[in-house]
> 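Please find one structure pasted underneath; my questions will follow.
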Amino acid sequence: MLAFNCCNILEKLPLKIEALDTWGERLVVATMEGSLLIYDVKEKEDGQNPFHVSLSGESQKQFAKKPIQQIDVVERNNIIVSLSDGYIYVHDPPSFNLRTTIRGAKGCHLYALDTSRSPLALCACIKKKLV
């Protein structure tokens with residue numbers, strides 16, 4: 001039994017994709033242009049493509065001023081964590097209002113998020129340090 005089935009669900013997207021995550025039955029696409037595209041993904045029973053994909057009205061053209069390098073939707077905590085321009089941001093879905101910027105993580109280029117803990121645990125990579 002295969003763990004995954006591979007198939008095309010979208011082609012020729014208008015923006016360069018930097019990061020992905022899922023949010024329930026939605027696919028969250030973070031772009032180089034700072035946009036956050038949210039697609040509703042529904043399974044189909046028939047046809048060549050097993051999924052019906054449509055752009056959600058929740059998409060945000062100006063989510064970030066710079067490329068969104070990393071994105072995590074933490075449904076249990078009702079937050080979106082993103083990395084852009086060396087900063088880690090926390091937003092509220094579905095309004096996408098900025099909740100906070102993680103202090104002490106300036107210059108971050110990568111992070112890891114442990115969602116199995118309460119409160120959440122986050123490790124940021126800043127130059128040659130893990131914070």
Side-chain angles (χ1 to χ4, degrees):
M1 180 177 205
L2 294 174
F4 300 98
N5 290 325
C6 184
C7 67
N8 289 337
I9 61 169
L10 288 171
E11 293 180 340
K12 299 179 183 177
L13 289 169
L15 304 171
K16 186 173 186 293
I17 299 168
E18 290 287 312
L20 299 169
D21 199 10
T22 58
W23 180 14
E25 291 187 342
R26 290 168 278 197
L27 180 63
V28 178
V29 179
T31 72
M32 178 178 265
E33 293 79 9
S35 296
L36 197 64
L37 305 174
I38 300 172
Y39 290 91
D40 293 315
V41 181
K42 306 285 184 198
E43 283 191 70
K44 294 191 309 188
E45 300 266 339
D46 58 339
Q48 250 183 322
N49 191 336
F51 299 99
H52 172 72
V53 180
S54 60
L55 188 62
S56 168
E58 295 173 300
S59 295
Q60 299 289 307
K61 274 192 164 185
Q62 299 297 322
F63 184 78
K65 293 178 183 175
K66 302 277 183 161
I68 304 165
Q69 299 159 279
Q70 199 169 340
I71 191 95
D72 286 282
V73 179
V74 186
E75 291 182 66
R76 183 181 63 157
N77 295 76
N78 199 34
I79 59 171
I80 296 175
V81 180
S82 66
L83 172 63
S84 179
D85 198 27
Y87 292 93
I88 299 172
Y89 300 100
V90 179
H91 288 83
D92 285 320
S95 69
F96 301 102
N97 291 329
L98 179 63
R99 182 184 287 186
T100 190
T101 302
I102 305 295
R103 292 187 306 194
K106 182 180 178 183
C108 176
H109 63 273
L110 183 67
Y111 70 82
L113 188 61
D114 183 354
T115 58
S116 68
R117 298 174 185 244
S118 184
L120 299 174
L122 186 138
C123 181
C125 185
I126 303 168
K127 296 183 181 179
K128 294 183 178 183
K129 295 187 301 186
L130 296 177
V131 180

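Excluded from the calculations below are hydrogen atoms, water molecules and symmetry mates; all remaining heavy atoms, backbone and side chain alike, are included.
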> Would you find a donor on one side and an acceptor on the other, under 3.5 Å apart, between the side chain of T101 and the backbone of Y89?
no

> Does D72 form a side-chain contact (heavy atoms from CB on, under 4.5 Å) with Y111? I'd like the steps, not just the answer.
CA-CA 10 Å; D72 286 282; Y111 70 82; 2.7 Å; yes

> Tell me, do D40 and R26 make a side-chain contact under 4.5 Å, heavy atoms counted?
yes

> Is it true that a side-chain atom of D21 and a backbone atom of V73 form a donor plus acceptor pair closer than 3.5 Å?
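Answer holds: yes.
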
> Angle class for the F96/W23 ring planes (parallel below 30°, perpendicular above 60°, tilted otherwise)?
perpendicular

> Below 4.5 Å, heavy atoms only, C-beta onward: do I126 and K106 meet side chain to side chain?
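They are not in contact (no side-chain heavy atoms under 4.5 Å apart), so the answer is no.
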
> Does the S35 side chain pair with the main chain of K61, one donor and one acceptor, at a distance under 3.5 Å?
yes

> Does the side-chain contact (heavy atoms from CB on, under 4.5 Å) test come out yes or no for F51 and K44, once each step is laid out?
CA-CA 5 Å; F51 299 99; K44 294 191 309 188; 6.0 Å; no

> One pair to check against side-chain contact (heavy atoms from CB on, under 4.5 Å): L98 and H91. What are the steps and the verdict?
CA-CA 4 Å; L98 179 63; H91 288 83; 3.8 Å; yes

> Report yes if some heavy atom in the side chain of T115 is under 4.5 Å from a heavy atom in the side chain of L120; otherwise report no.
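Sidechains of L120 and T115: in contact.
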
> With a 4.5 Å cut-off on side-chain heavy atoms, are L113 and V81 touching?
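In short, these two side chains touch, coming nearer than 4.5 Å.
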
> Could you check whether any side-chain N or O of S82 sits under 3.5 Å from a backbone N or O of I71, counting only pairs where one atom can act as donor and the other as acceptor?
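Such a contact is absent between S82 side chain and I71 backbone.
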
> Check whether any side-chain heavy atom of I80 sits under 4.5 Å from a side-chain heavy atom of V28, and report yes or no.
no

> Using a cut-off of 6.0 Å, state whether more than 12 heavy atoms not belonging to R103 lie near its atom CZ.
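Check fails, neighbour count at 12 or below.
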
> Surrounding NE2 of H109 (heavy atoms of other residues, nucleotides or ligands, distance under 6.0 Å), is the total greater than 12?
yes

